[in-house]
Engineer: 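Below is the structure I would like to discuss, written out as structure tokens.
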Amino acid sequence: MLYEGKAKKIYSTDKPEIIRVEYKDSATAFNGVKKDSIEGKGKLNNLFTSFFFELLSEKGIENHFEGKISETEHLAKKVSIIPLEVIVRNKAAGTLAKRIGKEEGFPMPFPIIELCYKNDDLGDPMLNDDHIFALNLASPDELKQIKEKALRVNTLLQDFFLGHGLELIDFKLEFGKTTEGTILLADEISPDTCRIWDAVTGQKLDKDVFRRDLAPLAETYHSLAVRIGILKNEA
Ligand code: TMP
Ligand code: ASP
């Protein structure tokens with residue numbers, strides 16, 4: 001094992017350029033303050049992530065995904081993760097709704113990008129471009145690429161979800177760098193890292209159900225997977 005995070009474990013493989021990602025059944029919120037073990041969560045998030053990375057590859061967004069190998073695991077290209085949480089927001093929710101004093105669901109006139117320093121000890125504080133350059137987290141050209149890719153992912157995922165009567169409110173991406181210096185989309189894309197609402201009722205179909213004790217997480221993620229057609233509706 002190379003690394004264990006709150007929701008995933010990363011292992012080396014017999015190929016130095018490939019890692020194995022295993023999704024755990026643990027759910028955390030508020031920087032690990034709230035936590036629980038939820039049977040089936042690992043399987044569901046591996047399913048979502050594998051599906052979305054494949055979809056994005058087909059649409060021309062290069063990423064680290066190298067194939068699902070079991071219910072809870074997929075392979076990925078080894079990259080060094082740039083310690084930035086790249087958040088894109090279409091409507092205000094969560095910390096943005098609080099910061100600007102608007103109701104959740106307040107529409108933004110264009111997608112808002114926020115960059116946070118991926119550092120649990122500091123509570124993932126928001127950084128501006130100058131902080132990022134001063135700390136050498138990314139060069140101006142790399143940050144430009146990251147922002148452009150994040151906005152393209154937003155358009156593609158928004159279209160996909162709208163096709164299923166769902167609205168992509170916001171999401172978080174992470175990027176990594178290969179040894180050749182190529183920037184690749186990495187980490188995960190799942191209801192842990194996105195806010196997804198029913199476009200008509202506004203029902204929340206993401207980790208906010210866990211953060212705010214609104215509904216059971218596994219059932220919610222399962223119903224989202226059925227809704228977007230990646231899981232059959234079985235008990
Ligand atoms: P926020 O409103 O709490 O700042 O979250 C914005 C988006 O980022 C939301 O879709 C959830 C996602 N997110 C993560 O993926 N990981 C995190 O650690 C946090 C705080 C948010
Ligand atoms: N991922 C963070 C945590 O585990 C925060 C969140 O998603 O709300 O605490």
Side-chain angles (χ1 to χ4, degrees), residues 3-10 21 23-38 41-42 44-46 48-49 52-53 56 63-64 81-108 111-128 146-147 149-151 153-158 160-161 166-176 185-198 202-215 217-218 220-221 224:
Y3 172 81
E4 177 164 9
K6 292 191 285 269
K8 300 187 284 291
K9 290 181 186 172
I10 309 289
V21 181
Y23 284 76
K24 305 198 289 186
D25 274 347
S26 63
T28 66
F30 315 117
N31 206 5
V33 171
K34 181 178 167 76
K35 45 176 170 260
D36 206 350
S37 173
I38 296 171
K41 176 175 182 279
L44 286 157
N45 276 357
N46 188 41
F48 283 113
T49 276
F52 286 121
F53 278 124
L56 292 173
N63 61 67
H64 76 154
I81 291 286
I82 298 169
L84 287 176
E85 301 210 332
V86 181
I87 296 169
V88 182
R89 303 181 182 266
N90 298 306
K91 285 189 167 176
T95 57
L96 177 61
K98 278 212 188 86
R99 189 176 319 116
I100 62 174
K102 299 287 183 195
E103 290 288 312
E104 288 210 307
F106 178 82
M108 306 312 290
I112 303 289
I113 298 182
E114 288 174 7
L115 301 153
C116 296
Y117 193 9
K118 195 174 145 61
N119 184 320
D120 282 345
D121 292 341
L122 300 177
D124 300 337
M126 206 195 294
L127 300 179
N128 70 21
I146 287 171
K147 288 183 183 178
K149 284 178 205 276
L151 291 176
V153 170
N154 184 43
T155 307
L156 293 167
L157 292 183
Q158 260 188 320
F160 171 81
F161 282 117
L166 299 164
E167 208 176 348
L168 179 62
I169 303 300
D170 59 33
F171 61 95
K172 184 263 305 181
L173 298 177
E174 292 181 24
F175 292 85
L185 176 62
D187 194 48
E188 75 175 272
I189 301 180
S190 74
D192 271 17
T193 62
C194 302
R195 283 195 175 92
I196 302 147
W197 296 0
D198 182 289
Q203 186 193 1
K204 296 183 197 307
L205 297 166
D206 55 66
K207 199 163 104 178
D208 273 346
V209 298
F210 170 78
R211 295 189 186 98
R212 305 174 190 186
D213 292 318
L214 301 174
L217 181 142
T220 303
Y221 285 21
L224 177 67

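In each ligand, atom 1 is the first atom listed, and ligand 1 is the first ligand listed.
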Engineer: Answer yes or no: are there more than 12 heavy-atom neighbours, outside Lys6 itself, under 6.0 Å from its atom NZ?
Structural biologist: yes
Engineer: For atom 15 (O) of ligand 1, what is the closest protein heavy atom, and at what distance to 0.1 Å?
Structural biologist: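 Answer, as residue, atom name and distance: Lys172 CE, 3.0 Å.
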Engineer: Quick one: nearest non-hydrogen protein atom to atom 7 (C) of ligand 1, plus distance?
Structural biologist: Asp170 OD1, 3.6 Å
Engineer: What atoms in ligand 1 come closer than 4.0 Å to a heavy atom of Thr193?
Structural biologist: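 Contacts of ligand 1 toward Thr193, numbered from 1: 10 (O), 12 (C), 15 (O).
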Engineer: Please report whether atom 12 (C) of ligand 1 has a protein non-hydrogen atom at a separation of less than 4.0 Å.
Structural biologist: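 When distances to the protein are checked, atom 12 (C) of ligand 1 has a heavy atom within 4.0 Å.
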Engineer: Would you call Asp213 and Lys34 a salt bridge, using N to O less than 4.0 angstrom?
Structural biologist: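 Answer for the salt bridge query: yes.
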Engineer: Any atom of ligand 1 sitting under 4.0 Å from a heavy atom of Asp192?
Structural biologist: yes
Engineer: Just going by heavy-atom distances, which of Asn31, Asp192, Asp120 is nearest to atom 9 (O) of ligand 2?
Structural biologist: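 When every heavy atom of Asn31, Asp192, Asp120 is considered, Asn31 comes closest to atom 9 (O) of ligand 2.
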Engineer: How far is atom 1 (P) of ligand 1 from its nearest protein heavy atom, and which residue and atom name does that atom have?
Structural biologist: Thr95 OG1, 3.4 Å
Engineer: Which protein non-hydrogen atom lies closest to atom 8 (O) of ligand 2, naming both residue and atom, and how far is it?
Structural biologist: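 The answer is Arg211 NE, 2.7 Å.
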Engineer: Report the residue from Lys98, Arg89, Lys204 that forms a salt bridge (Lys or Arg N to Asp or Glu O under 4.0 Å) with Glu104.
Structural biologist: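 So, applying the salt bridge (Lys or Arg N to Asp or Glu O under 4.0 Å) to Glu104 and each of Lys98, Arg89, Lys204, only Lys204 qualifies.
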Engineer: Identify which of Glu85, Lys98, Arg99 has a heavy atom lying nearest to atom 19 (C) of ligand 1.
Structural biologist: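 Looking at heavy atoms only, the winner is Glu85.
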Engineer: Taking N or O atoms only and a 3.5 Å limit, does Asp124 qualify as a polar contact for ligand 1?
Structural biologist: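 No.
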Engineer: What protein heavy atom is closest to atom 5 (O) of ligand 1, reported as residue, atom name and distance in Å?
Structural biologist: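 The closest heavy atom on the protein side is Arg195 NH1, 3.5 Å.
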Engineer: Can you name the one residue among Asp192, Asp206, Asn45 that meets side chain to side chain donor-acceptor pair (under 3.5 Å) with Tyr221?
Structural biologist: Asp192
Engineer: With Arg195, which of Asp208, Asn90, Leu168 fulfils side-chain contact (heavy atoms from CB on, under 4.5 Å)?
Structural biologist: Asp208
Engineer: With atoms numbered from 1 as shown, which atoms in ligand 2 lie under 4.0 angstrom from a non-hydrogen atom of Lys6?
Structural biologist: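 Every atom of ligand 2 under 4.0 Å from some heavy atom of Lys6: 3 (C), 4 (O), 9 (O).
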Engineer: Closest approach of Asp187 and Tyr23, non-hydrogen atoms and distance?
Structural biologist: O-OH, 4.1 Å
Engineer: Does only the side chain of Arg89 get under 4.0 Å from ligand 1, or the backbone, or both, or neither? Count heavy atoms.
Structural biologist: side chain
Engineer: Please determine, by modelled atom types, if Asp124 and Asn31 share a side-chain donor-acceptor pair under 3.5 angstrom.
Structural biologist: no
Engineer: So, for Arg211 and Ala29, which heavy atoms are closest and what is the spacing to 0.1 Å?
Structural biologist: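 The pair with the smallest heavy-atom distance is CG-CB, 3.7 Å.
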Engineer: Which atoms of ligand 1 sit under 4.0 Å from any heavy atom of Gly94?
Structural biologist: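 Close to Gly94: 2 (O).
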Engineer: Counting each atom of ligand 1 from 1 as listed, which ones have a heavy atom of Phe171 under 4.0 Å away?
Structural biologist: 10 (O)
Engineer: Below 3.5 angstrom, do we get any N/O pair linking Arg211 and ligand 1?
Structural biologist: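 No; the residue has no nitrogen or oxygen that sits under 3.5 Å from a nitrogen or oxygen of the ligand.
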Engineer: Aromatic rings Phe52 and Phe160: how do their planes relate, parallel, tilted or perpendicular, breaks at 30° and 60°?
Structural biologist: perpendicular
Engineer: Checking a contact table here: which protein heavy atom is nearest atom 4 (O) of ligand 2, and how many Å away?
Structural biologist: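 Looking at atom 4 (O) of ligand 2, the protein heavy atom closest to it is Thr28 OG1, 2.2 Å.
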Engineer: List every atom of ligand 2 that sits less than 4.0 Å from any heavy atom of Gly32, numbering the atoms from 1 in the order shown and giving each element.
Structural biologist: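 Atoms satisfying the 4.0 Å criterion: 3 (C), 4 (O), 9 (O).
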Engineer: Between CG of Asp170 and CG of Leu96, what distance do you get to the nearest 0.5 Å?
Structural biologist: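 One finds 8.5 Å between CG of Asp170 and CG of Leu96.
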Engineer: For atom 1 (N) of ligand 2, find the nearest protein heavy atom and state the residue, atom name and distance (0.1 Å precision).
Structural biologist: Lys207 NZ, 3.7 Å
Engineer: How far apart are the closest heavy atoms of Asn154 and Phe171, and which atoms are they?
Structural biologist: OD1-CE2, 3.2 Å
Engineer: I need the nearest protein heavy-atom contact for atom 5 (C) of ligand 2: residue, atom name and distance, please.
Structural biologist: Phe30 N, 3.8 Å
Engineer: Are Ile10 and Val21 packed together at the side-chain level, in the sense that at least one heavy-atom pair is separated by less than 4.5 angstrom?
Structural biologist: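 Side chain of Ile10 against side chain of Val21, heavy atoms only: contact under 4.5 Å found.
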